[in-house]
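Input: a single structure, listed below in structure tokens.
Below, read A as the first sequence line, B as the second, and so on, with proteins coming before strands; counting in each chain starts at 1. Computed from a prediction, not measured in an experiment: that's the story for all the values here.
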There are 2 protein chains.
Amino acid sequence: MRKNKQATIIDVASEAGVSIATVSNVINRRKVPMSPETIRKVEEAVVRLGYRRNVMATNLSRRRSNELGLILPHFGGYYGRFAEKLEQKFHSYGYHLSVFSAAGMDPEVEERHIEHLLQRRVDGLVSHGLAISVHSTQQLVGEGTPLVFFNGWGWPGDITKVAVNLDFAKASSQAVQYFLAHGCRAVFYAGRRKGMGANEQRIEGFLAGLGDRAESTVHALLDAGELGVAGTLDEALRVSGDLRPIGIYTFNDALALELIAECHERGIRVPDEVQIIGMDNEHFAKASFPSITSFEMPVELQTSLVAAFLMRQMGEELDEAGTLLLDSYLAQMKGHELLIDMDMVVRNSTQN
Amino acid sequence: MRKNKQATIIDVASEAGVSIATVSNVINRRKVPMSPETIRKVEEAVVRLGYRRNVMATNLSRRRSNELGLILPHFGGYYGRFAEKLEQKFHSYGYHLSVFSAAGMDPEVEERHIEHLLQRRVDGLVSHGLAISVHSTQQLVGEGTPLVFFNGWGWPGDITKVAVNLDFAKASSQAVQYFLAHGCRAVFYAGRRKGMGANEQRIEGFLAGLGDRAESTVHALLDAGELGVAGTLDEALRVSGDLRPIGIYTFNDALALELIAECHERGIRVPDEVQIIGMDNEHFAKASFPSITSFEMPVELQTSLVAAFLMRQMGEELDEAGTLLLDSYLAQMKGHELLIDMDMVVRNSTQN
DNA sequence: CTGTTAGCGCTTTCAC
DNA sequence: GTGAAAGCGCTAACAG
């Protein structure tokens, strides 16, 4: 072992009195037959020298990076949890995960990340449906990089194999129906246009939830981004006249919290006059006053599915749990989109 | 270019009609003189072939991974933002960042991550002060891996070069003094023992903030982890008798929010009867009702400092901004700990 | 200015 | 069972 440097496989080989090929064999627990004696000698040498295999050399030699990439809109809230879970899943499949933030969808930043990932020769990629451009996607797919989206809608099937999406539409339907079933005489959706795909899904579901009561029920779609929180509440109150209570379904818990604060400010009682349902089930949803009825993000399930799909696309052997999971969900795919149900968590911002 | 494979430097060389050394030279913009003609030929070949340098080979050859590691308690809130910013900073220095979550300080998980980072031959590491064990730290330092902590207190100087810490103690002092200056007749700190180092800093500052009024002012340290939110409020109310208003300084905004909800529940007015100051300035602090007075986390500054310190420790040339930053802060280090001031954001959970 | 060549540390045939 | 040797793709002296 050269001074002051990490021991290499060569050092281990000479220390153990065997060839480097043999060392490699025992380290990788290859299926080739080896005498227990040799194994012992090598393992001892490894410990004695504090040998640690060099991942760069291994990967270069194997011609695969054993690395996967994840591109997120940012690292906050749900996305952070998503990254954390996914990292764990991939690790259990033997892969390293590199996470990037698209930094507010800046196309230049995104471009840079893709290039970087390609240079690292990532074996696969998962991206939020809105975090990368069509151009980048085509490039990736063209290079043959396995890719799975999560929360991506409207990707043409020819460039996308699979998107694992939360079923915001269904959740939204459920929210409306909950309002209707609990006395709301007017219902609203307070969205954020910048939510884009996710926003559209919610609108679609909101409308679907009204169903044949759409005609007879006062309702409206509000853009909180444009109107502001106060403006959104104003508008909902104006449109509903003296119909009470009203139900407001919001893009996410953050907006729900702001609306509730606005109600407090004006002395409007929640949920007596205004009922509110949020989305994301953030930590504060439970702790605010009143606590916020919301939808839980099934991060565990979603990351499991994302991982399983990517592994399959990469031709990796799935463990039993993964196979079962995949099989059970493969059935309910709509085209290349897979939808995951979300559970509503009823709290005190709605009547119950 | 071999079929179906990424072009290599050899392909580019033959395409451009030069040697691979020359290609390497122009790609790396080395300082060796090269004819413009050669450069052009190579660059054209690169484009034509869609050549992309293989990071694994580059790093193996250079004997450095160009990769840095970050170990966090988890990916939520402040930590997520921290990771995102730090990634950007390091990227601008030409380094890749791999982020890991210690997953609730599980020593086994931590061990695994360290081992993994070492196998990847990371050029340096930054870790939250509580996310890695003394043992791991010694190991890393022993191997000669540059290491900088953030929010780490009480690390012996011989194994730690530098810790870039938020000055929770000073902020806590400030919180108490604010309470005292705004009519509070009893003050409390509601902490979380599991916050450990960060918790101790707050306690220290809280006490210091009382100063010579400690004797004459009713105060107490409460452990919300043990008492629960309701219990914490009970205790504060009990201890303060009919002194009003009281001030409660909380470990973080999440706890502040819970306390506020508890007050609402009981019809206790905030801030008239109970004033509250949180910590972290989470998004919801602004949106809750009443909005929460809190301390802003200077993530931008902290990550800049962390990056600058690590770069210096790695013998990397700092840019001008980095040098200036370092110089200005080097002066105010206490031993190997550097303290960053935090700004209080006054909102409606306190009198003003 | 450009090319030759010896590695970087490990994997993987293919003989022995 | 074990080892010799040919790479993996690139960098960095060192010649020329």
Exercise. Not counting sequence neighbours, which residues clear side-chain contact (heavy atoms from CB on, under 4.5 Å) with A/K161? List them please.
Key: A/Q313

Exercise. Kindly point out which of C/dC10, D/dG1, C/dC1 is positioned nearest to the side chain of A/P33?
Key: D/dG1

Quiz item: Nearest of C/dC10, D/dT2, C/dG3 to any side-chain atom of A/V32?
Solution: D/dT2

Test item: side-chain donor near acceptor, [X] and [Y], under 3.5 Å:
X      : Y     : result
A/S101 : B/E87 : no
A/Y79  : B/E84 : no
B/Y51  : B/E15 : no

Exercise. Quantify the bending of the helix from C/dC1-D/dG16 to C/dC16-D/dG1 as the angle between its end axes, each fitted on five pairs, to 10°.
Key: 40°

Quiz item: So, B/H336 side chain and B/W155 main chain: donor-acceptor pair closer than 3.5 Å or not?
Solution: yes

Quiz item: If only atom types and distance count, is the side chain of B/T303 paired as donor or acceptor with the main-chain N or O of B/V299 below 3.5 Å?
Solution: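 Flag set: sc B/T303 to bb B/V299 pair under 3.5 Å.
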
Quiz prompt | Crowding at CD, A/E37 (>12 non-hydrogen neighbours, <6.0 Å) | solution = yes

To the nearest angstrom, how far is [X] atom [atom1] from [N] atom [atom2]?
X      : N      : atom1 : atom2 : result
A/M34  : D/dG3  : CE    : C1'   : 14 Å
A/R52  : C/dC10 : CZ    : C1'   : 17 Å
A/N54  : C/dG9  : CG    : P     : 7 Å
B/R120 : C/dC10 : CZ    : P     : 15 Å
A/R63  : D/dC10 : CZ    : P     : 13 Å
A/Q6   : C/dG9  : CD    : P     : 10 Å
B/R64  : D/dC10 : CZ    : P     : 18 Å

Quiz item: Given that B/L60 and B/E37 both sit by DNA chain C, which one's nearest nucleotide is further toward the 5' end?
Solution: B/E37

Self-check item: Pair B/E44 + B/R40, salt bridge at N-O below 4.0 Å
Solution: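 Yes.
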
Exercise. State plainly whether the residues B/E300 and B/K89 are in salt-bridge range, i.e. N to O under 4.0 Å.
Key: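 Judged by the 4.0 Å cut-off on N to carboxylate O distance, B/E300 and B/K89 do form a salt bridge.
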
Quiz item: Going 5' to 3' along nucleotides 11-16 of chain C, which nucleotides have protein heavy atoms under 4.0 Å from the base (write B), which only from the sugar-phosphate (write S), and which from neither (write -)?
Solution: BB----

Quiz item: Distance check: side-chain N/O of A/T8 vs OP1/OP2 of C/dG9, anything under 4.0 Å?
Solution: no

